[in-house]
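Residues: numbered from 1 along the sequence shown. Keep in mind it's a predicted model, so treat the numbers as computed, not measured.
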Amino acid sequence: MNTFADIYGHDKIKEHLQNGIRMNKVSHAYIFNGGLGSGKKMMANAFAAALECEKQTGEPCMECHSCIQAESGNNPDIIWISHEKSGSIGVDDIRAQLIGDMQIKPYSNRYKIYIVDEAEKLTVQAQNALLKTIEEPPEYGIIILLTTNADIFLQTILSRCVRLDFKPVGDECVTKYLKDNYDLTDYEIKFAVGFAQGNIGRAVAIATSSDFAKLKESVLRVVRHAKEYSVTEIMNEVKAVTDYKASIDDYLDMLSMWYRDVLVFKSTNDTNGLIFKDEIGLIKTIGSQCSYEGLENILTAIDKVKIRLKANVNFDLVIELLIMTIKEA
């Protein structure tokens with residue numbers, strides 16, 4: 001379990017939540033809004049534990065019965081709403097696990113806290129069912145909605161919740177977190193920080209996950225060989241990129257980072273600011289093959305791909321056009 005002291009960055013959010021506990025001015029409903037890996041779950045865990053802590057100092061003491069239960073994940077009054085990961089969170093889920101359950105008083109604590117992860121998946125019917133509970137909660141009831149997109153909530157939900165936005169943290173904060181918690185080389189840290197764009201969870205994923213290593217290999221294969229790809233080879237590459245459909249933003253961000261490195265080196269001949277510094281030979285080669293206009297065209301094309309995919313344009317077609325743009329540049 002995390003305490004507030006374990007969380008790097010988001011100082012204003014921590015201060016707001018801790019002051020609420022100390023001053024006994026806690027809201028009955030919160031929205032934690034931020035990207036995947038931004039720290040919402042860590043904050044929810046720390047907040048819930050601090051709320052239930054018998055000492056009420058604004059920080060979990062890690063010694064009382066409630067904190068010991070929270071640390072082991074067995075506090076009966078801290079409830080994570082479960083649902084099918086691939087589907088929506090329906091009205092039946094909310095009624096069974098939250099609305100009905102909240103009528104039962106806390107088992108052994110001051111509050112009964114319900115945490116809804118991926119709350120952007122709440123159906124309109126589920127939100128409407130939740131609304132009455134948010135409007136008229138029992139004194140001990142607290143609801144925390146964790147979401148990557150608070151704007152999808154009904155206005156009536158938004159107006160009755162305290163919304164806290166988890167913004168990107170500074171690179172120095174991400175660097176410190178990685179140095180304090182992982183055994184990584186300076187290059188691995190620099191690469192992860194550059195890719196993370198202020199998201200600690202994302203930095204950890206790329207620094208420690210074999211999936212990200214494969215993703216990097218896939219990106220480098222495209223930039224290395226796109227120039228001589230035949231039509232058949234382009235189609236094969238499109239099929240390969242489909243493996244990363246679930247994490248396509250990561251794929252596109254890494255591709256964009258690569259071409260920004262090429263553009264920076266071509267402009268300055270300086271390797272100090274490069275993220276892909278270990279690929280300097282390939283950066284020089286690509287830079288000599290591409291004009292400034294060609295590199296700008298690729299970066300623009302990557303941005304357009306993101307917009308088109310959000311508009312549900314055909315995935316294979318969009319990736320094929322992107323690889324063609326890279327080939328022609």
query: Is it true that the side chains of Asp101 and Tyr114 contain a donor and an acceptor less than 3.5 Å apart?
result: yes
- request: State, yes or no, whether a side-chain contact exists between Ile78 and Asn45 at a heavy-atom distance under 4.5 Å.
  value: no
message: Once rounded to the nearest 0.5 Å, what's the spacing between atom CD of Glu71 and atom OG1 of Thr3?
response: 10.0 Å
message: Please verify the inter-ring angle class for Phe166 with Phe32; under 30° counts as parallel, over 60° as perpendicular, anything in between as tilted.
response: tilted
- request: Measure the shortest side-chain to side-chain distance between Tyr259 and Val223 over non-hydrogen atoms and say whether it is less than 4.5 angstrom.
  value: yes
query: Between Lys266 and Tyr292, is NZ or CZ placed under 6.0 angstrom from the six-membered ring centre and within 45° of the ring axis?
result: yes
message: Can you give me the closest heavy-atom contact between Ser38 and His10, atom names plus distance?
response: O-NE2, 2.8 Å
- request: Could you give me the CA-CA distance, side-chain angles and deciding distance for Glu172 and Lys176, then say whether salt bridge (charged side-chain N to carboxylate O under 4.0 Å, His left out) is met?
  value: CA-CA 6 Å; Glu172 68 285 350; Lys176 185 174 184 334; over 6 Å; no
message: Run Ile248 and Val241 through side-chain contact (heavy atoms from CB on, under 4.5 Å) and show every step you take.
response: CA-CA 8 Å; Ile248 191 61; Val241 175; 3.9 Å; yes
field: Flag, side chain of Ser288 to backbone of Thr285, donor-acceptor distance under 3.5 Å
entry: yes
message: When you measure from the side chain of Lys112 to the backbone of Ile104, do you find a donor-acceptor pair of N or O atoms at a distance under 3.5 Å?
response: yes
task: Would you check if Leu145 and Ile157 make a side-chain contact, meaning some heavy-atom pair closer than 4.5 Å?
output: yes
- request: Return the minimal non-hydrogen interatomic distance between Ile275 and Gly194, and the atom names on each side.
  value: CD1-CA, 3.9 Å
query: Which atom names give the shortest non-hydrogen contact between Ile283 and Phe265, and what distance separates them?
result: CG2-CB, 3.8 Å
message: Donor-acceptor check, side chain of Glu59 to backbone of Phe4, threshold 3.5 angstrom: yes or no?
response: yes
task: Show the numbers, then the answer: is there a side-chain contact (heavy atoms from CB on, under 4.5 Å) between Met235 and Lys239?
output: CA-CA 6 Å; Met235 297 314 297; Lys239 287 177 185 173; 5.5 Å; no
task: With rounding to the nearest 0.5 Å, note down the distance linking CG in Asp77 to CD in Glu52.
output: 5.5 Å
query: Are Leu36 and Ile200 grouped together when hydrophobic residues (ILVMFWY) are joined by side-chain heavy atoms under 4.5 angstrom apart?
result: no
query: Side-chain donor-acceptor pair under 3.5 Å between Thr300 and Asn297, yes or no?
result: no
statement: Here the gap from Met257 atom CE to Leu274 atom CG, rounded to the nearest 0.5 Å, amounts to 10.5 Å
- prompt: Of all heavy-atom pairs between Asn33 and Ala150, which one has the smallest distance, and what is that distance?
  reply: OD1-N, 2.9 Å
message: For the backbone of Gly35 and the side chain of Lys40, can you confirm whether one donor and one acceptor N or O come within less than 3.5 Å of each other?
response: yes
query: So how far is it from Gln18 CD to Leu51 CG, rounded to the nearest 0.5 Å?
result: 11.0 Å
field: Donor-acceptor under 3.5 Å (Asp93 side chain, Gly90 main chain)
entry: yes
query: Can you list every pair that meets salt bridge (charged side-chain N to carboxylate O under 4.0 Å, His left out) and has a residue in residues 139-168, with sequence neighbours left out?
result: Glu135-Arg160, Asp151-Arg163, Arg163-Asp165
- prompt: Under 6.0 Å from the CD atom of Glu293, do we count more than 12 heavy atoms belonging to anything else shown?
  reply: no
field: Spacing of OG1 belonging to Thr133 relative to CD1 belonging to Ile99, to within rounding of 0.5 Å
entry: 4.5 Å
query: Any chance NZ of Lys304 has more than 12 other-residue heavy atoms, nucleotides or ligands included, within less than 6.0 Å?
result: no
query: Does one hydrophobic cluster hold both Ile21 and Ile7, with members joined at side-chain heavy-atom distances below 4.5 Å?
result: yes
message: Is any side-chain heavy atom of Tyr140 closer than 4.5 Å to one of Asn109?
response: no
task: Carefully, step by step, assess His83 and Gln97 under the rule side-chain contact (heavy atoms from CB on, under 4.5 Å).
output: CA-CA 10 Å; His83 61 92; Gln97 297 181 59; 5.6 Å; no
What donor-acceptor contacts under 3.5 angstrom involve side-chain atoms of residues 312-329, with partners at least two apart or in another chain?
unit_1 : atom_1 : unit_2 : atom_2 : d
Asn314 : OD1    : Asp316 : N      : 3.2
Asn314 : OD1    : Leu317 : N      : 2.9
Thr325 : OG1    : Leu321 : O      : 2.9
Lys327 : NZ     : Lys227 : O      : 3.2
Lys327 : NZ     : Tyr229 : O      : 2.8

query: Run the side-chain contact (heavy atoms from CB on, under 4.5 Å) check on Ile143 and Met102 step by step: do they pass?
result: CA-CA 10 Å; Ile143 297 168; Met102 195 183 277; 3.7 Å; yes
task: Evaluate the criterion salt bridge (charged side-chain N to carboxylate O under 4.0 Å, His left out) for residue pair Asp253 and Arg202; output intermediate values, then yes/no.
output: CA-CA 12 Å; Asp253 283 347; Arg202 209 173 185 213; 2.5 Å; yes
- request: State, with a plain yes or no, whether a side-chain heavy atom of Leu164 is found less than 4.5 Å away from one of Leu17.
  value: yes
- prompt: For the hydrophobic clusters of this structure (ILVMFWY residues joined by side-chain heavy atoms under 4.5 Å, transitively), does one cluster hold both Val238 and Leu215?
  reply: yes
Short side-chain to backbone donor-acceptor contact, Thr185 and Glu188, under 3.5 Å: yes
message: Quick one, Cys53 and Met62 - any side-chain contact, counting heavy atoms below 4.5 Å?
response: no
message: Measuring from atom CZ of Phe195 to atom CG of Asp250, what distance do you get when rounded to the nearest 0.5 angstrom?
response: 4.0 Å
- prompt: Taking atom CG of Leu131 as the centre, does the number of heavy atoms from other residues, nucleotides or ligands within less than 6.0 Å exceed 12?
  reply: yes
- prompt: Would you call the rings of Phe191 and Phe276 parallel, tilted or perpendicular if under 30° counts as parallel and over 60° as perpendicular?
  reply: perpendicular
- request: For the residue pair Met43 and Lys14, establish whether any side-chain heavy-atom pair is separated by less than 4.5 Å.
  value: yes
message: Within the 4.5 Å heavy-atom criterion, are Tyr8 and Asn181 side-chain neighbours or not?
response: yes
task: Please name the pair of heavy atoms, one in Ala192 and one in Leu178, separated by the smallest distance, quoted to 0.1 Å.
output: CB-CD1, 3.9 Å
query: Are any side-chain N or O atoms of Gln127 and backbone N or O atoms of Leu154, one a donor and one an acceptor, separated by less than 3.5 Å?
result: yes
message: Side-chain heavy atoms nearer than 4.5 Å, only ILVMFWY residues, links allowed to pass through others: does that put Ile89 and Leu146 together?
response: no
query: Is Met42 linked to Ile81 within one hydrophobic cluster, defined over Ile, Leu, Val, Met, Phe, Trp and Tyr using a side-chain heavy-atom separation of less than 4.5 Å?
result: no
task: Evaluate the ring planes of Tyr182 and Tyr177, with Trp represented by its six-membered ring, and classify them as parallel (under 30°), tilted (30 to 60°) or perpendicular (over 60°).
output: tilted
task: Grab the two heavy atoms, one from Thr123 and one from Ser88, that are nearest each other, plus how far apart they are.
output: CG2-OG, 3.6 Å
